[in-house]
Amino acid sequence: VSQSRYPTTISQTQFADSGVYHCVLTNACGTVESDPIKLSVIQPPAGPKLTLSVNTIDFGCIDKNTVKDTTLTSLIKNDGETQLTISSITISGSQKANFSILEGGGSFNLDAGATRTLKIQFKPEDKKFNTAELVITSNSTVGAETLLPLSGTSCYEEVLTSKYDFGSIENAIVTGK
């Protein structure tokens with residue numbers, strides 16, 4: 001099993017769901033079965049628990065040098081029992097300059113059950129495919145850093161044209177079959 005920077009959360013689990021599982025993939029070429037993996041359902045620790053309302057933010061395809069703002073209502077939620085402290089929200093990655101936090105960033109506290117809305121902007125430049133990560137640093141019991149992938153595409157395509165000289169045709173007869 002490979003390690004992932006993005007934790008996988010299976011919601012609506014019960015302690016009875018613990019066990020050994022494997023994945024079976026079938027297509028026109030045949031069937032492949034993964035190695036077995038053990039799933040353990042554990043009681044979450046008490047304290048603040050940061051959860052996100054989405055797993056990724058995709059801005060879609062927009063024209064180069066234009067902007068798209070997305071308001072993510074109740075993006076961050078404290079599903080824990082005590083106050084959640086967000087110490088920072090930043091954007092990281094090689095194309096981070098194409099994304100910005102317009103509203104809702106900074107440091108703040110969320111009481112149990114409270115949510116926070118963020119407004120994020122995407123402004124593509126020369127790169128066709130743009131990716132970055134929203135990095136939320138907190139005192140959450142699920143981890144000090146929560147990563148949220150950001151993506152967007154610049155739909156601007158340069159069309160190159162050339163002038164061709166086909167010469168001249170005089171008194172031509174065109175026939176077809």
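Remember, predicted model here, so these are calculated numbers, not experimental data. Scope of the values below: all heavy atoms of this structure, side chains included, with no hydrogens, waters or symmetry mates.
Residues satisfying the salt bridge (charged side-chain N to carboxylate O under 4.0 Å, His left out) criterion with Lys77, sequence neighbours excluded, are Asp79. Residues passing the side chain to side chain donor-acceptor pair (under 3.5 Å) test with Ser18, sequence neighbours excluded: none. Shown here are the side chain to side chain donor-acceptor pair (under 3.5 Å) partners of Asn78, two or more places apart in sequence or in another chain: there are none. Shown here are the side chain to side chain contact (heavy atoms under 4.5 Å, CB included) partners of Gln14, two or more places apart in sequence or in another chain: Asp17. Residues satisfying the side chain to side chain contact (heavy atoms under 4.5 Å, CB included) test with Phe15, not counting sequence neighbours, are Val41, Gln43. Under the side chain to side chain contact (heavy atoms under 4.5 Å, CB included) criterion, Leu102 pairs with Asp69, Ser100, Lys119, Gln121, not counting sequence neighbours. Take Thr137 and apply the side chain to side chain donor-acceptor pair (under 3.5 Å) test, not counting sequence neighbours, and it matches Ser88. Partners of Cys29 by side chain to side chain contact (heavy atoms under 4.5 Å, CB included), not counting sequence neighbours, listed by chain and number: Asn27.
Thr56 contributes a side-chain N or O that, together with a main-chain N or O of Pro149, makes up a donor-acceptor pair within less than 3.5 Å. Between the Thr153 side chain and the Cys155 main chain, no donor and acceptor come within less than 3.5 Å of each other. Side-chain N or O atoms of Ser154 include none that pairs as donor or acceptor with a backbone N or O of Lys128 at under 3.5 Å. Side-chain atoms of Thr117 come within 3.5 Å of backbone atoms of Ser74 as a donor-acceptor pair (strictly under, hydrogens ignored).
Annotation: side chain of Asn98 is not in contact with side chain of Lys123 (no heavy-atom distance under 4.5 Å). Under the 4.5 Å side-chain criterion, counting only non-hydrogen atoms from C-beta, Leu110 is not in contact with Gln83. Annotation: side chain of Ile57 is not in contact with side chain of Ser151 (no heavy-atom distance under 4.5 Å).
Evaluation of the ring pair (Phe, Tyr, Trp, His ring centres under 6.0 Å) test over residues 69-92, restricted to residues two or more places apart or in two chains, returns none. Screening residues 33-53 for salt bridge (Lys or Arg N to Asp or Glu O under 4.0 Å), with sequence neighbours left out, gives no hits. Counting only residues at least two apart or in different chains, ring pair (Phe, Tyr, Trp, His ring centres under 6.0 Å) contacts with residues 17-44 are absent. Each ring pair (Phe, Tyr, Trp, His ring centres under 6.0 Å) pair with one or both residues in residues 43-69, not counting sequence neighbours, appears once here: Phe59-Phe99, Phe59-Phe122.
Scanning both residues, Asn139 and Pro48, for their nearest heavy atoms gives O-CG, 3.4 Å. Taking every heavy atom of both residues into account, Gly106 and Ile86 meet most closely at O-CG2, 4.1 Å.
The distance from atom OG1 of Thr71 to atom CG of Leu118, rounded to the nearest 0.5 Å, is 9.5 Å. Atom CG of Leu25 sits about 7.5 Å away from atom OG of Ser34, to the nearest 0.5 Å. With values rounded to the nearest 0.5 angstrom, Leu84 atom CG is found 9.0 Å from Thr141 atom OG1. To the nearest 0.5 angstrom, Lys68 atom NZ is 9.5 Å from Cys61 atom SG. Put simply, CZ on Arg116 and CG on Asn109 are 9.5 Å apart, with the number rounded to the nearest 0.5 Å. Taking OG1 of Thr131 as the reference point, atom CG of Asp58 lies at 11.0 Å (rounded to 0.5 Å).
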Problem - Verdict with supporting geometry, Leu148 and Ile136, side chain to side chain contact (heavy atoms under 4.5 Å, CB included) - result: CA-CA 8 Å; Leu148 181 61; Ile136 305 168; 5.6 Å; no

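Cluster membership check: Leu52 shares its hydrophobic cluster with Ile91, using side-chain heavy-atom separations under 4.5 Å among Ile, Leu, Val, Met, Phe, Trp and Tyr. Residues Leu150 and Ile62 fall within the same hydrophobic cluster, defined by Ile, Leu, Val, Met, Phe, Trp and Tyr side chains chained together at heavy-atom separations under 4.5 Å. Under the 4.5 Å side-chain heavy-atom criterion for ILVMFWY residues, a single connected hydrophobic cluster contains both Leu72 and Ile101. Placement of Ile76 and Val54 within a single hydrophobic cluster is found when ILVMFWY residues are connected by side-chain heavy-atom separations under 4.5 Å, directly or transitively. Note on Phe108: it clusters hydrophobically with Ile120, by side-chain heavy-atom contacts below 4.5 Å among ILVMFWY residues.
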